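Structure, as structure tokens:
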Amino acid sequence: MRSASNRLQSQPMRLSRYFLPILKETPKEAEIVSHRLMLRAGMIRQESAGIYAWLPLGLRVLQKICAIVREEQNRAGAIELLMPTLQSADLWRESGRYDDYGKEMLRIRDRHERDILYGPTNEEMITEIFRASVRSYKDLPLNLYHIQWKFRDEVRPRFGVMRSREFLMKDAYSFDLDQAGARHSYNKMITAYLRTFKRLGLTAIPMMADTGPIGGDLSHEFIILASTGESEVFCHKDYLGFETPPETIDFDDPAAMQAVFDKWTSLYAATSEKHDAAAFAALPEEARVSARGIEVGHIFYFGTKYSAPMKAVVNGPDGKETAVHMGSYGIGPSRLAAALIEANHDEAGPIWPDAVAPFRVGLINLKVGDAACDGASARIHRALEAAGVDVLYDDRDERPGAKFAAMDLVGAPHQVIVGPKSLAEGKVELKIRRSGERELLGVEAAIDRLGGKA
RNA sequence: CGGAGUGUAGCGCAGUCUGGUAGCGCACCUCGUUCGGGACGAGGGGGUCGUAGGUUCGAAUCCUAUCACUCCGACCA
């Protein structure tokens, strides 16, 4: 079982004291399964078109996703900061994007009649921060990132948090002296992304992509395959078996990073916009994978597109000023929460991978008020919490059926069911959410198993 | 932004055509019986009928305006 490193700071949680507004019926507006289940499980609540409140259960998932994203960004040498959501229009006039961006940008006016905007991305601002302080090539390379709410005023938001107007995004920005350095930075992020998605329990494939309004000439989308995916994608089957770069890989070794890039871009992979039917048809038939995909990350190299007009320059070894080469690297944690459900669910609810489960263990006391059941449940709850496991303890005075349904909807990967029948023989039942597999174990054995000791 | 819809209790809906003072299921509260896959009975609480104007003795219902939300398409992390 994965270590407790991704555990949230939290108090022991009893469902009777929690805020988990689950719905028995499906709200009619929810078309896709992730949206439906997130509403039913009480993870999110829509407050406006494309704008959602994250309720406690959803927030836990979001925080766990962010923790993994953060760990892998840090491992790759990126440094976290936090930029504001609101930005000055003047900054965007410098890059020329204030007029280019169109109606997707939410424009606001403050009390002094100054134009401000709710940031859809942060290239301008990070460039401004960089140029204010960095003067020398010796301070390079640099990669700064933050995890912050963004807003894009989509014409038609839909699919819940999969395509919302407000969304959480990790965006990293790299600064290098030249193109070779920028390529290395790009390769580091590819490696970090492969590791990030793997840890989230997803198989993500980098695919050639259009650069969109951000511009540039090197860009990949990271796509996960899911039958309910929004777009059509085509790739070589071997990608599905490729090994993820290990934790120990040296991010400062350009050759190692280039090798990762070369391997993961060696075979055919493209979204429908970039699809080359002839190239795809040239693959052996059994190697062709044509599927639906969900974009969960997008990376760009765009050279001096912002640094030149915004004068983000450094002195090189030769004493001359040069505009830095930049790239940007996005992952959408809020969208990932939905994508994870699209990739992991059944009729009863989400089936979270251990790494992002809001609670790793769901503890069900089938007979609240029965001294033996209460005692065994409390013992298990305390022991697992002490072992660093997130446990949701259903101590409500409800009927068994309602408890089973609720816990399946929460999606805890491991369930412990404490009922009078099995407890009479000193046993509790362990259920694996994904497979439905059940096993009877003694109380202490169950604690050891789920606490990671056995 | 084009096209199509919907706004009535927390959720799902009926009532609107044909105007007469608001109803059903789930959820919620109380009591009882239940209790290993979303129980049953009895009782109860909760609604400015999206909003504003108009017509009328009387408007959820008819008229006008407006707002919000949803779906299809184009667009997009």
Side-chain angles (χ1 to χ4, degrees), chain A residues 21-32 35-36 39-40 42 45-51 55 101-105 119-123 148-171 193 209-214 219-224 230-231 271-273 293-300 328-339 347-349 364-370 373 394 396-409 415-424 427-429 431 436 438 440:
Chain A
I22 63 179
L23 305 173
K24 206 162 168 180
E25 293 174 80
T26 302
K28 64 174 175 182
E29 74 270 15
E31 289 290 304
I32 62 169
H35 191 193
R36 206 161 65 221
L39 289 170
R40 285 198 52 216
R45 177 171 173 78
Q46 179 171 324
E47 295 299 338
S48 284
I51 299 178
L55 306 182
Y101 218 92
K103 290 190 168 176
E104 284 199 346
M105 180 186 282
T121 178
N122 286 66
E123 279 82 7
Q148 178 63 291
W149 293 96
K150 305 282 191 294
F151 194 92
R152 288 182 195 168
D153 201 356
E154 297 285 347
V155 195
R156 194 185 158 205
R158 62 183 125 172
F159 304 146
V161 295
M162 185 75 84
R163 184 156 168 215
S164 48
R165 294 196 292 168
E166 187 182 51
F167 56 98
L168 191 61
M169 184 157 132
K170 184 286 300 181
D171 38 330
Y193 274 38
D210 280 323
T211 51
I214 291 180
S219 176
H220 287 87
E221 290 180 1
F222 283 77
I223 305 281
I224 61 166
E230 60 202 333
S231 53
T271 58
S272 52
E273 302 95 67
I294 301 171
E295 181 182 349
V296 290
H298 203 156
I299 63 179
F300 305 87
S328 74
Y329 315 90
I331 291 180
S334 50
R335 155 173 274 215
L336 264 172
E347 277 310 301
I364 299 177
N365 180 348
L366 284 183
K367 194 164 186 182
V368 171
D370 175 87
C373 287
D394 189 346
R396 298 172 305 161
D397 187 12
E398 285 284 345
R399 298 169 58 81
K403 295 191 170 207
F404 290 133
M407 202 55 88
D408 285 348
L409 192 52
Q415 292 180 8
V416 183
I417 299 159
V418 179
K421 285 183 195 165
S422 38
L423 200 57
K427 307 274 191 183
V428 296
E429 188 173 318
K431 176 182 151 188
R438 291 156 188 274
L440 284 172

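What you see below is based on every heavy atom in this structure, not just the backbone, and it leaves out hydrogens, waters and symmetry mates. Only a predicted model underlies this, so the values are computations on that prediction, with no experimental measurement involved. A, B, ... follow the sequence lines: proteins, then strands. Residue 1 opens every chain.
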Give the rounded distance in Å between these two atoms: [atom1] of [X] and [atom2] of [N].
X      : N      : atom1 : atom2 : value
A:L168 : B:rA77 : CG    : P     : 17 Å
A:M162 : B:rC75 : CE    : P     : 19 Å
A:D397 : B:rU33 : CG    : C1'   : 14 Å

N/O donor-acceptor pair, side chain [X] with base [N], under 3.5 angstrom:
X      : N      : answer
A:K431 : B:rG36 : no
A:T26  : B:rG12 : no
A:R40  : B:rG12 : no
A:R396 : B:rG38 : no

Any idea which of [options] is nearest the [X] side chain?
X      : options                : answer
A:E104 : B:rG37, B:rG38, B:rC76 : B:rC76
A:R163 : B:rC1, B:rG36, B:rC75  : B:rC75
A:P400 : B:rG12, B:rG38, B:rG36 : B:rG36
A:E31  : B:rG36, B:rC71, B:rA39 : B:rC71

For this session: Output yes when at least one side-chain N/O atom of A:R156 is less than 4.0 Å from OP1 or OP2 of B:rC72, else no.
Result: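 For A:R156, the contact criterion (side-chain N or O under 4.0 Å from OP1 or OP2 of B:rC72) is met.
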
For this session: May I ask you to check whether A:F222 and A:H220 place their ring centres under 6.0 Å from each other?
Result: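 Not under 6.0 Å, so no.
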
